Undergrad: 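I have a structure here, written as structure tokens, and I will follow up with some questions on it.
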Amino acid sequence: MNNPDNMLNIALPKGRLGEKVLAMFEKAGFECPAIHETGRKLIFENPEKGVRYFWVKPSDVSIYVERGAADIGVAGKDILLEYRPDVYELLDLGIGVCRMAVAAKKDFRDDTARTLRVATKFSNITKNYYASMGREIDIIHLNGSIEIAPILGLSDVIVDIVETGTTLKENNLEVVETVVPISARLIANKSSFKFKNSIIEAVSAGIAQQLARTEENK
Ligand code: PRP
């Protein structure tokens with residue numbers, strides 16, 4: 001069920017990426033002065049512009065959007081690939097750019113005759129990736145600090161997000177192969193996209209314009 005009011009509900013990913021995302025929405029003409037006041041509030045409105053923003057955990061954005069508690073939001077492609085929420089993907093925002101990669105200890109040699117032990121937070125992406133290669137694996141699902149798994153012998157390799165590569169380097173691991181490139185995406189609830197189409201299109205067009213300008217200045 002969508003929120004009954006006519007405001008556009010926008011789920012922002014809390015954190016550094018979220019600040020960049022908010023700047024894009026505001027530049028698109030949907031500013032919200034209240035959100036810049038310091039404090040611990042999580043929901044902010046600008047009735048004049050018809051928008052209500054709220055900060056949620058980045059990996060939860062697609063849950064809010066899929067269920068219609070948010071009309072639109074910004075989620076990483078990693079989350080979209082892992083959980084396959086039933087939402088529309090409207091734009092690649094070109095921020096939060098990183099990649100999903102297989103990494104291992106520097107001396108790792110793959111023995112294809114053996115089942116590969118893979119530690120990851122992204123079990124579905126990992127299963128699909130190795131299934132596409134016909135490789136048998138043993139998934140070890142972890143919730144964080146994935147990089148430790150090969151060091152302690154819990155797994156042979158990991159599948160995780162690599163951005164700068166610092167975490168791998170500092171733990172003596174290296175990328176074996178890239179699984180998929182990742183970036184932040186503007187997503188929309190399917191029914192909101194129909195019923196709040198004009199404002200969603202306005203937000204999306206305003207952001208697309210900024211992306212086009214950035215592209216021109218490259
Ligand atoms: C991710 C990922 C790596 C790190 C990679 O963790 O799991 O640990 O970033 O970044 P780098 O290549 O720039 O070092 P994140 O900080 O997103 O949090 P998480 O531990 O909750 O996954």
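Here, residue 1 is the first one in the sequence, and each next residue gets the next number. Just so you know, ligand 1 is whichever comes first in the structure, and atom 1 is the first atom listed for that ligand. Reckoned from all heavy atoms, side chains included, excluding hydrogens, waters and symmetry mates. Quick caveat: nothing in here was measured; it's all calculated off a predicted structure.
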Undergrad: Test ring-ring contact (aromatic ring centres under 6.0 Å, His included) on Phe193 and Tyr88; report intermediate values, then the result.
TA: CA-CA 8 Å; Phe193 190 69; Tyr88 291 131; 5.3 Å; yes
Undergrad: For ligand 1, what is the set of protein residues having any non-hydrogen atom at a distance below 4.0 Å?
TA: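 Heavy-atom contacts below 4.0 Å: Lys121, Glu147, Asp160, Ile161, Val162, Glu163, Thr164, Gly165, Thr166, Thr167.
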Undergrad: Which donor-acceptor pairs under 3.5 Å do the side chains of residues 174-183 make with protein atoms, sequence neighbours left out?
TA:
from, atom 1, to, atom 2, distance (Å)
Glu177, OE2, Tyr129, OH, 3.4
Thr178, OG1, Arg99, NH1, 2.7
Ser183, OG, Asp92, OD1, 2.9
Ser183, OG, Asp92, OD2, 3.3
Ser183, OG, Arg185, NE, 3.1
Ser183, OG, Arg185, NH2, 3.1

Undergrad: Count the heavy atoms of every other residue, nucleotide or ligand shown that sit under 6.0 Å from NZ of Lys106, and state whether that count exceeds 12.
TA: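 Yes, NZ of Lys106 has more than 12 neighbouring heavy atoms, counting only those of other groups under 6.0 Å.
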Undergrad: Could you check whether the rings of Tyr53 and Phe25 sit parallel, tilted or perpendicular, using 30° and 60° as the cut-offs?
TA: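 It falls in the perpendicular class, over 60°.
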Undergrad: Could you note down all residue pairs passing side-chain hydrogen bond (donor to acceptor under 3.5 Å, both in side chains) where residues 137-159 supplies at least one of them, sequence neighbours left out?
TA: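 As it turns out, the side-chain hydrogen bond (donor to acceptor under 3.5 Å, both in side chains) pairs with a partner in residues 137-159, which skip direct neighbours, are Arg117-Asp156, Ser123-His141.
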Undergrad: Suppose we screen for side-chain contact (heavy atoms from CB on, under 4.5 Å). Which residues come up paired with Thr214, at least two apart in sequence or across chains?
TA: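 In terms of side-chain contact (heavy atoms from CB on, under 4.5 Å), with neighbours along the sequence ignored, Thr214 is linked to no residue.
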